[in-house]
There are 2 protein chains.
Amino acid sequence: MTQLQRRRIPDAAVARLPVYLQILNNLLATKVSRFSSDELAALAGVNAAKVRKDLSYLGSYGTRGVGYEVTYLIHQIKRELGLMREWNVVVVGAGNLGCALAKFGGFTPRGFPVVGICDNDPKKIGQAVGQLTVFDVRNLQKVVSEFDVTIGAITTSTTSAQAAADALVDAGITSILNFAPIVLATPSSVSVRNVDLGVELQILSYYEQMRSEQHAPVG
Amino acid sequence: MTQLQRRRIPDAAVARLPVYLQILNNLLATKVSRFSSDELAALAGVNAAKVRKDLSYLGSYGTRGVGYEVTYLIHQIKRELGLMREWNVVVVGAGNLGCALAKFGGFTPRGFPVVGICDNDPKKIGQAVGQLTVFDVRNLQKVVSEFDVTIGAITTSTTSAQAAADALVDAGITSILNFAPIVLATPSSVSVRNVDLGVELQILSYYEQMRSEQHAPVG
DNA sequence: ATGCCCTAGTGCAGAATTTCACAAACTCGC
DNA sequence: GCGAGTTTGTGAAATTCTGCACTAGGGCAT
């Protein structure tokens with residue numbers, strides 16, 4: 001490696017940058033041109049020192065006594081997150097969720113166009129989903145290289161999810177967004193992020209129960 | 001408070017318990033009756049010591065030299081997460097996602113039945129969504145108390161999300177699952193969990209970019 | 001019964017993250 | 001130009017989380 005390849009940003013901070021970006025885009029829409037770490041902290045629901053530290057990983061882009069420039073910060077966060085280019089997404093699994101993702105155009109403006117959707121069910125292959133046509137998962141590799149796809153979204157049933165992951169990895173995908181409630185086995189070189197509503201609900205349930213026990217504590 | 005209200009489980013561990021539970025349910029389905037921390041760790045993709053420590057927060061339910069009993073552990077995790085009862089969910093926002101959630105029956109068997117869906121659009125109110133009928137968001141409070149709802153899912157547009165949150169809080173909801181890409185302002189007594197696919201994609205994008213820069217490092 | 005083997009449970013050290021607190025530095029008014 | 005008022009950037013402390021490494025203790029073969 002040439003050097004420390006780049007100033008490494010802590011994982012916890014990386015997960016917050018998209019939230020800041022979202023807020024800054026909203027500020028931009030309301031014609032705000034400057035903000036302080038205190039303001040952003042309030043909007044993001046975090047500590048102001050954390051905001052400053054997070055932003056300092058990008059470089060020193062604030063002005064003491066003044067604050068940060070909205071447009072400039074947006075640019076810097078985008079650069080750091082790799083949002084200066086588009087990242088093509090392919091969906092595996094043409095069920096309700098998969099089709100909803102494919103039809104939902106909301107990711108294209110944010111830099112993540114869904115360029116394909118596939119399935120292994122012959123009845124689904126060939127069907128139209130929004131602008132796309134469901135293709136055979138066996139052609140995944142071809143589509144991935146043709147469209148230069150880097151991100152795969154798994155929206156299959158739980159039972160097919162691991163096979164879908166294997167297919168994506170074989171096809172050369174290195175980032176996976178997994179909606180199936182299962183822990184995927186993948187090479188360590190592949191990034192996986194899980195979105196499992198059941199897990200989220202259960203976490204809420206825990207804290208909900210905590211509260212109710214606090215009010216009516218019984219042994 | 002009577003006492004330390006209960007042995008408090010670290011947040012990081014709480015977030016992993018649902019994952020363990022998922023895996024244990026799968027083990028149960030494959031007739032496995034016992035497991036070791038090593039096995040569960042491999043399936044969950046974490047360290048074995050972490051598994052043991054996480055499970056130890058529930059109590060000492062393992063047997064040294066042997067391992068843990070699947071059914072017993074499932075019971076204990078469910079108890080701790082508050083899954084011995086059902087938690088009714090109401091959906092605010094009858095768009096694509098909201099309707100999908102309402103129709104998707106997959107949460108009922110996991111203890112989170114969707115008992116209602118509402119909207120503020122007169123054109124949507126009264127329409128059927130699966131077994132349910134879209135009701136007016138102004139009747140939220142009535143529905144919440146009538147069905148003893150504790151969790152609200154926000155699937156509105158970004159612009160309506162804060163109003164939806166306010167309505168849920170006013171109606172007495174204390175847990176919110178938010179799908180809108182916005183940081184909600186809520187009382188600290190309310191738990192909020194955000195599910196934002198844009199954020200997830202951007203996090204993937206960051207690590208994807210890191211990898212590509214590592215391979216072709218240019219200043 | 002005894003001893004070996006295995007695995008849970010856990011103290012502790014190290015890593016990661018959060019938060020504090022303050023110096024550095026910029027703007028503005030005079 | 002200078003001082004007052006702000007707000008960033010960041011060492012350092014505090015907290016939380018992780019993972020090692022070892023102890024405790026149950027099962028099983030003999």
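So that the names make sense, note that chain A is the first sequence line, chain B the second, and so on, each numbered from 1.
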Exercise. Identify which one of A/Val66, A/Leu73, A/Thr63 satisfies the side chain to side chain contact (heavy atoms under 4.5 Å, CB included) criterion when paired with A/Arg34.
Key: A/Val66

Quiz item: How would you label the contact of B/Ala49 with the nucleic acid (heavy atoms, under 4.0 Å): base, sugar-phosphate, or nothing?
Solution: base

Practice problem: For A/Tyr68 and for A/Lys53, find the nucleotide of DNA chain D with the closest heavy atom, then tell me which residue's nucleotide is more 5'. | Solution: A/Tyr68

Quiz item: Does one side chain, of A/Ser205 or B/Arg85, offer a donor that lies under 3.5 Å from an acceptor on the other?
Solution: no

Quiz item: Which pair of heavy atoms, one from B/Ile182 and one from B/Ala161, lies closest together, and at what distance?
Solution: CG2-CB, 3.8 Å

Exercise. Could you tell me whether the side chains of A/Gln22 and A/Arg110 share a donor-acceptor contact shorter than 3.5 Å?
Key: yes

Exercise. Name the first nucleotide and the last nucleotide along DNA chain D (5' to 3') that come under 4.0 Å of a heavy atom in chain A.
Key: D/dT6 to D/dA12

Quiz item: Within the structure shown, what part of the strands sits under 4.0 Å from A/Gly65 by heavy-atom distance: base, sugar-phosphate, or nothing?
Solution: base

Quiz item: Can you say whether the rings of B/Phe35 and B/Tyr68 are parallel (under 30°), tilted (30 to 60°) or perpendicular (over 60°)?
Solution: parallel

Quiz item: From the 5' end of DNA chain C to its 3' end, which nucleotides mark the outer limits of contact with chain A, defined by a 4.0 Å heavy-atom distance cut-off (strictly under)?
Solution: C/dT17 to C/dT27

Quiz item: Hey, which of these two, A/Thr63 or A/Asn47, hits DNA chain C nearer its 5' end, going by closest nucleotide?
Solution: A/Asn47

Quiz prompt | Residue whose closest nucleotide on DNA chain C lies nearer the 5' end, A/Pro10 versus B/Val66 | solution = B/Val66

Exercise. Decide whether A/Thr174 and B/Glu208 meet the rule of one side-chain donor and one side-chain acceptor closer than 3.5 Å.
Key: yes

Exercise. Using the side chain to side chain contact (heavy atoms under 4.5 Å, CB included) rule, pick out the option among A/Val90, A/Val89, A/Val91, A/Val143 that qualifies with A/Ile117.
Key: A/Val91

Quiz item: Which part of the nucleic acid, if any, lies within contact of B/Arg34, taking any heavy atom under 4.0 Å across all strands shown: a base, the sugar-phosphate backbone alone, or nothing?
Solution: nothing

Quiz prompt | Parallel, tilted or perpendicular, as decided by the 30° and 60° cut-offs, for the rings of A/His75 and A/Tyr72 | solution = parallel

